[in-house]
Amino acid sequence: MQPLLPSQRLDGGEGPGWVTSWWIWVGAALTVFGLATLGVYLRPEGTNIAVWWPAAGFSAAFVLANPRHRRWGAITLIFVSTVLANMVGGRDIDISLVFGIGNAAEAGMFVYILELGRRRFVLRTVSDALRFIIAAVVGGCVIGVLAGLAIMTFDGGSFVTSGLHAAMSHSAAIMMIAPFAVLPPLTSERAPWGEVALQSVLLLLSLVIVFGVENQLPLAFVPLAFLSWAAFRFPASIAIAQVLTTSIIVILVSVAGFGPFVDDSLHPDEQAAVIVTFLLVLAAFTLLLAGGRTEVILAGRAAQNASQLLSSGFVDSQVALVLADVVDDEWVVRWTNRAAAAVLADEVSADSRWQGELADQAKAALECGDVVSFQRIAGRETINVVANAVDGDGSRIAVQIVDVSEAVRAADEQLAAERERSAVLAAKIELERQREDFVATTSHELRTPIVSVAGYTEMLQDSTELRGTEREWVDIIARNADRLIELVEGLLSLSRAAQAPYEKGISEQVQIAEIVQDVVRIQSPFAANRGVALQVGALDGSVTSVRSDLARAIGNLVSNGIKFTPDGGQVTIESFVADAATVIKVTDTGSGIPAEALAHVFERFYRAPDAERNNTPGTGLGLAIAAELVHRNGGTVSLESPEERGTIATVRFPIRTPTTTIDVIGA
C-alpha cells in the first residue's frame with residue numbers, strides 16, 4: 001500500500017500534490033462530513049460517547065498534505081464539515097459549533113507540534129513515532145477539553161468522562177489514519193506478498209476467535225502478536241493498514257454487542273473506555289514498531305552505502321590488503337582483497353600459510369615499523385610494503401602491498417624531462433646572449449664606417465661638379481646609407497635594452513599634449529612627403545614616464561602609421577583617461593594588417609607580407625622598440641586591424657605616482 005497522501009516528499013519539499021485540485025477539496029469536505037456523521041453512531045448501546053472518531057484522523061492527514069500557505073483553508077473546511085455532521089447527527093447547534101471548533105483546533109495543534117522546528121515531518125525513526133504519538137495525544141486533549149465543557153454545559157454530562165473519552169477516541173483515530181501522510185517513500189522496498197497473505201489470514205483467524213459471537217474470554221492481546229509480525233516484517237504502510245482494519249472490525253463487533261469488551265457488569269461508558277483504550281494501545285504499539293523498523297532499514301541502507309564506498313574505494317582498490325595471523329612463527333593468511341589474492345597467488349599454500357619474497361619483506365616492514373621498498377622481477381617492478389599489528393590483537397598483522405612501479409617510472413620520466421627542459425632553456429639563454437653580443441658588437445663596429453659613408457655622400461650631394469647620372473648614383477648611396485643608419489640605431493637601442501646596467505633616466509609626470517606636439521612637429525614633413533594628413537584629436541591625461549622614452553614610442557607608432565597609409569590617407573593621434581588608465585591611440589586609414597600577421601608585429605625584424613610586396617621602407621624594428629619602451633615604463637601596447645581596414649595602435653598606462661628613476665632604452 002502506498003502512502004495515502006502523495007504530495008508528501010521525503011526531502012521536506014512542498015511540491016504540488018493532489019490537494020491542489022478543487023475537486024479534491026470537495027471530496028475532502030464530503031469525506032470529513034461522512035466520517036464525522038459515522039462517528040456519531042459509533043457508540044455502544046446506552047451511551048452517548050463515541051468509541052472512535054475517524055474524521056479526526058482524516059482531518060489531520062488532510063492538513064498535513066497541504067503546503068503551509070493552504071492549511072488555514074484546510075482547517076476551515078474541517079470546521080464547517082464537522083459542524084454540519086454533528087447537526088445531521090442530531091446534536092444542537094451550540095454543541096455542534098463547539099465540536100467544530102474543537103476538531104479544527106485539534107488538527108491545527110497536532111500539525112503544529114508535529115512540525116515544530118521542522119520544515120516537513122517524516123516518520124523515519126522511533127523518536128519520530130514517539131513525537132507523532134505525543135502530538136496526537138495533545139491534539140486529542142484539545143478536543144477533549146472543549147467537548148467536556150460543551151457536554152457539561154449544554155447536556156449536563158460529566159466533564160471528566162466526556163472529555164476523556166473524546167480525547168482518547170480522537171487520539172486513536174489520528175494514530176491510525178494520519179501516519180499515511182508522513183510515511184517515508186521507501187520505493188525500493190518490496191513486500192513479501194506470500195508472507196503478507198499468510199499473516200493476514202492468521203490475523204483474521206485470531207480476530208474471529210477473540211471477537212467471535214460466543215467468546216467472552218479476555219484474549220484481546222492475541223491479535224497483537226500478528227500485528228507485531230507485520231510491523232517487524234512488512235512496510236509500515238501495510239502494518240498501519242492492518243491496524244486500521246483490525247480497529248474497524250473490533251469497533252463494529254463491539255458496537256454490535258459482541259466480543260470480550262461487551263460485559264454486562266460494566267457500564268456502557270466503561271465499555272467504551274475499554275474499547276478506546278485497546279485501540280490506543282494497538283495504534284501506539286504499531287507506530288513505535290514501524291518507526292523502529294524504518295529506522296533500522298534507513299540505517300542499514302546508510303551502512304550499505306558506506307560499505308560500498310569503502311569496498312569500491314579501498315577494499316577493491318589496487319592496494320593489496322592482507323590480514324594474517326602469526327602461528328608458530330609462521331604467517332597464516334586469514335583474509336585478502338582481490339588485489340592481494342592476485343599478488344600472493346604464488347606465495348600462499350593450500351593451508352593459507354604465507355611464505356616467499358613478499359612475506360619476508362612484510363616481516364621486515366613489521367620489524368622496522370616503516371615502509372619497505374624493494375624491486376623484483378629483474379628490477380622491472382618496485383613494491384612498497386607496510387605491516388602493522390592490529391590493535392587489541394598482537395597476533396594479527398595487517399599488511400599493505402603497493403606496486404609503485406608506474407609511479408617510479410613516471411617520476412623518472414618527469415625528472416628526465418625536467419633535465420632536458422633545463423638544458424634546452426640554458427642553451428636558449430646562451431644563444432640569446434650570443435645573439436645580443438653579436439648584435440651589439442656588430443652594430444658598434446658598423447656605426448663608424450656607415451656614418452663616414454653618409455657624411456662623404458652628403459658632401460658629394462653638395463658638389464656642383466656631378467653630372468645627372470652620377471648624382472642619381474650618389475642619391476641612391478645616400479638613401480641606403482640612411483637605411484643602414486636607421487638599422488644600426490635600432491639594433492643599438494635593442495641591445496642596450498637587453499644589457500645591464502641600463503642608463504638611468506628621470507621618471508616624471510608627462511603631459512600627453514606636450515609629447516604629441518613634439519612628435520607632430522618631427523613627423524609632419526615625412527607625412528607631407530607621403531601625402532598623408534596628420535590629425536590631432538582630443539589630448540587628455542598625463543603619464544608617469546621617462547619623457548624621451550614616451551616621445552620615441554609614440555613617434556615610432558606614428559611613423560609606422562604614415563608608412564602604411566597610402567596617398568590621401570590620414571593618421572590621427574588622440575588620448576583620454578578611462579578605467580584608471582591613460583590611453584593613447586594612433587589610428588591610420590591604411591590597408592590594415594592580416595589577422596595572421598597581428599601576432600608577430602612586435603617581433604624584431606618582422607615585416608608583414610604586404611610591406612615586403614609593396615617595398616615599404618623599414619627594418620622591422622620600429623614596433624619592437626616602441627613596445628619595449630612602453631613596457632619598461634609600466635604600460636602596455638596593442639595593435640588591431642578591424643576587418644583589415646586601417647590599424648589602431650593603443651598604448652595604455654595605469655595612473656600612478658612618479659618614481660625617482662626608470663631605465664632608458666637608447667638615446
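Since this is a predicted model, take the numbers as computed values, not measurements. Note: hydrogens, waters and symmetry copies are ignored here, and every other heavy atom, side chains too, is used.
- Between T294 and L183, every side-chain heavy-atom pair lies at or beyond the 4.5 Å cut-off.
- Expressed to the nearest 0.5 Å, how far CZ of R233 lies from CD of Q199 amounts to 11.0 Å.
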Audit row: F232, V296, side chain to side chain contact (heavy atoms under 4.5 Å, CB included) steps and yes/no: CA-CA 10 Å; F232 277 118; V296 170; over 6 Å; no

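- Residues V210 and P223 come closest through the heavy atom pair CG2-CD, 4.1 Å.
- With salt bridges taken as basic N to acidic carboxylate O contacts below 4.0 Å, one links E115 and R71.
- Counting only heavy atoms from C-beta outward, the side chains of V333 and L323 never approach each other to under 4.5 Å.
- R293 approaches A236 most closely through the heavy-atom pair NH1-N, 4.4 Å.
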Criterion side chain to side chain contact (heavy atoms under 4.5 Å, CB included) on V326 and R396, from CA distance to verdict: CA-CA 6 Å; V326 180; R396 176 152 293 184; over 6 Å; no

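- The minimum heavy-atom distance linking L64 with R120 is given by the pair O-NH2, 2.6 Å.
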Test log, rule side chain to side chain contact (heavy atoms under 4.5 Å, CB included), inputs I397 and N388: CA-CA 6 Å; I397 309 300; N388 299 287; over 6 Å; no

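- At least one side-chain heavy atom of L344 sits less than 4.5 Å from a side-chain heavy atom of I401.
- Around atom CZ of F154, more than 12 heavy atoms belonging to other residues, nucleotides or ligands sit under 6.0 Å away.
- Judged purely by distance below 3.5 Å, without hydrogens or angles, the side chains of W229 and E195 pair a donor atom with an acceptor atom.
- Side-chain contact of Q355 with E347: a donor-acceptor pair under 3.5 Å is absent, judged by distance alone.
- The closest side-chain heavy-atom distance from F99 to I143 is below 4.5 Å.
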Side chain to side chain contact (heavy atoms under 4.5 Å, CB included) between E295 and R124, worked out: CA-CA 6 Å; E295 184 173 3; R124 295 190 184 96; over 6 Å; no

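- Shortest non-hydrogen contact noted between F79 and G100 is CD1-C, 3.4 Å.
- Note: L77 CG to F33 CZ = 12.5 Å, rounded to the nearest 0.5 Å.
- Side-chain atoms of R131 come within 3.5 Å of backbone atoms of I113 as a donor-acceptor pair (strictly under, hydrogens ignored).
- The shortest distance between side-chain heavy atoms of V399 and V385 falls below 4.5 Å.
- Taking CG of L287 as the reference point, atom CG of L123 lies at 6.5 Å (rounded to 0.5 Å).
- For the atom pair CD1 (I134) and OG (S171), the distance works out to 12.0 Å, reported to the nearest 0.5 Å.
- Shown here for R353 and V327, the closest heavy-atom pair between the two residues is NH1-O, 4.2 Å.
- Environment of CG in D351: crowded, with over 12 heavy atoms of neighbouring residues, nucleotides or ligands closer than 6.0 Å.
- No side-chain donor-acceptor contact under 3.5 Å links D92 to the backbone of I95.
- In this structure, the side chain of N103 does not engage the main chain of T82 through any donor-acceptor pair within 3.5 Å.
- Residues M175 and V137 meet the side-chain proximity criterion, which asks for heavy atoms closer than 4.5 Å.
- A heavy-atom distance below 4.5 Å is not found between the side chains of F132 and D128.
- V80 has its side chain out of reach of V32: every pair of non-hydrogen atoms, C-beta onward, lies at least 4.5 Å apart.
- Annotation: F62 is in aromatic contact with W25 [ring centroid separation under 6.0 Å].
- Summarising the geometry of Q242 relative to L203, their closest heavy-atom pair is OE1-CD2, 3.8 Å, with the distance given to 0.1 Å.
- Note that the CG atom of N86 and the OG atom of S81 stand 11.0 Å from one another [nearest 0.5 Å].
- To the nearest 0.5 Å, atom CD1 of residue I240 and atom OG of residue S247 are 11.5 Å apart.
- The backbone N or O of A166 lies less than 3.5 Å from a partner atom in the side chain of S169, making a donor-acceptor pair.
- In this pair, W331 and W354 present their aromatic rings tilted. The plane angle is within the 30 to 60° band.
- For CE of M109, the number of neighbouring non-hydrogen atoms (other residues, nucleotides, ligands) closer than 6.0 Å is 12 at most.
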